[in-house]
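The next block holds one structure in the form of structure tokens; read it before the comments.
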Amino acid sequence: MINLVRSGPFWCALVVEENDSVDAGLLAELAARTGTTLTGIGHGGFGGGPVADVYADESRGIVLIEAVDPDTGSKALLVRADSEERAIAARAVIGERYRVWTEQELRAQAREDLAGQSWILVPLVMAAGGTNLELETAELLREALRHEDEDVRAAAAYAEEVAGELRHDPMVLAAAQEEREPAEVLRPARPVDGEEDWVTVRPGVPGREVPRPVSWWQVPAGVTDPLPAFTVDHDWFIEVLARQDAPFYEEIWIDEDGRTAIHAVSHAELAGRHLAVHGQDVETVTIAFREAGLLALDGPPAGLDRTAP
């Protein structure tokens with residue numbers, strides 16, 4: 001099960017060395033200083049870019065995120081708390097326990113020799129932890145995007161992408177999954193045996209057909225897929241995430257009520273990426289997809305029958 005981990009409004013971060021990680025000692029010190037016991041709740045990421053191990057207390061008063069950018073190896077510990085006092089206390093504990101770098105320190109290093117160490121821009125933006133970059137950092141990024149050196153421009157563009165991803169709440173694969181029924185909109189007409197007990201738009205899977213009308217959309221070439229922005233803006237949750245190497249890739253998002261679903265589908269037999277919508281509030285999704293320039297289909301996409309297992 002994929003869970004979105006929401007947190008309080010007070011965010012901060014520190015960059016740490018690649019080999020430093022959250023451990024029992026850090027969690028014990030955080031408990032002693034903040035009165036909050038954190039436990040690991042899962043591994044995941046922000047939708048793209050950095051991956052994350054996430055720790056939190058039951059009330060989400062403090063969320064601690066060990067974020068790693070896999071392409072550069074940059075690592076930061078992000079603190080997101082329900083009060084400024086808790087955020088400051090947690091940041092202080094991290095600073096006392098590890099060798100750390102702040103946004104100001106990394107910016108100063110980058111200014112010394114940007115062409116010679118352009119990829120320092122990635123840990124620089126990670127040090128902001130998803131908050132707005134300081135004005136001087138934002139200006140440095142703008143300068144880097146205009147730099148005569150192609151590597152500097154590439155590093156700056158990538159750093160901007162990382163900064164954008166960190167603005168989101170992390171999504172994690174729950175460390176311990178409890179057996180439970182699928183959300184209402186994902187329940188088959190009759191219960192099915194096996195671990196995969198939710199509906200699918202893939203044909204040829206007995207008993208797991210969607211028991212209601214489905215609206216199909218195609219993402220045309222040159223059009224940005226609106227699903228990531230739509231799900232963030234409307235507080236949707238990812239409920240099913242297929243393996244990236246699966247022949248039939250299907251990720252399923254549901255709204256907060258669990259009564260409307262979007263299936264994002266890809267397969268070699270299909271021309272491009274397709275989105276299937278069903279449930280109670282199809283109209284809201286339809287308006288958003290139409291405004292984004294998606295192509296409404298009269299029925300399932302051509303070739304869907306050939307995706308059957």
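Given the structure is predicted, the values throughout are model-derived calculations rather than measurements. This chain uses plain numbering: 1 for the first residue, then up along the sequence.
- Cluster partners of L145: none. The rule joins Ile, Leu, Val, Met, Phe, Trp and Tyr whenever side-chain heavy atoms lie under 4.5 Å apart, and it links nothing here.
- Atom CG of L121 is separated from atom CG of L106 by 10.0 Å, given to the nearest 0.5 angstrom.
- Scanning both residues, A138 and L133, for their nearest heavy atoms gives N-CB, 4.3 Å.
- Residue V54 comes nearest to V5 through the heavy atom pair CG1-CG1, 4.1 Å, listed as atom of the first residue, atom of the second, then distance.
- Cluster partners of I94, using a side-chain heavy-atom cutoff of under 4.5 Å among ILVMFWY residues and allowing indirect links, are L14, V16, V22, L26, L27, L30, L38, Y55, I62, L64, L77, V79, V93, Y98, V100.
- Residue pairs meeting the salt bridge (charged side-chain N to carboxylate O under 4.0 Å, His left out) criterion with at least one partner in residues 262-273, sequence neighbours excluded, are D225-R273, E251-R273, E269-R306.
- Here V192 is tied to no hydrophobic group at all, with no ILVMFWY side chain closer than 4.5 Å.
- The side-chain hydrogen bond (donor to acceptor under 3.5 Å, both in side chains) check on R6 picks up D235, with sequence neighbours excluded.
- Qualifying salt bridge (Lys or Arg N to Asp or Glu O under 4.0 Å) partners for R91, counting only residues two or more places apart in sequence or in other chains: none.
- For E209 and R202, the salt-bridge test fails: no basic side-chain N is under 4.0 Å from an acidic carboxylate O.
- Under the side-chain hydrogen bond (donor to acceptor under 3.5 Å, both in side chains) criterion, E143 pairs with R111, sequence neighbours left out.
- Sorted by first and then second residue, the side chain to side chain donor-acceptor pair (under 3.5 Å) pairs involving residues 68-78 (not counting sequence neighbours) are S21-K75, E66-K75, D69-T72, D69-Y158, D71-Y158, T72-S74.
- Considering only residues two or more places apart in sequence or on other chains, H234 meets the ring-ring contact (aromatic ring centres under 6.0 Å, His included) condition with F230.
- Residues passing the salt bridge (Lys or Arg N to Asp or Glu O under 4.0 Å) test with D57, sequence neighbours excluded: none.
- Residues forming a ring-ring contact (aromatic ring centres under 6.0 Å, His included) with H278 (at least two apart in sequence, or on another chain): H263.
- Taking Ile, Leu, Val, Met, Phe, Trp and Tyr as hydrophobic and joining them when side-chain heavy atoms fall under 4.5 Å apart, one finds F10 isolated, its cluster having no other members.
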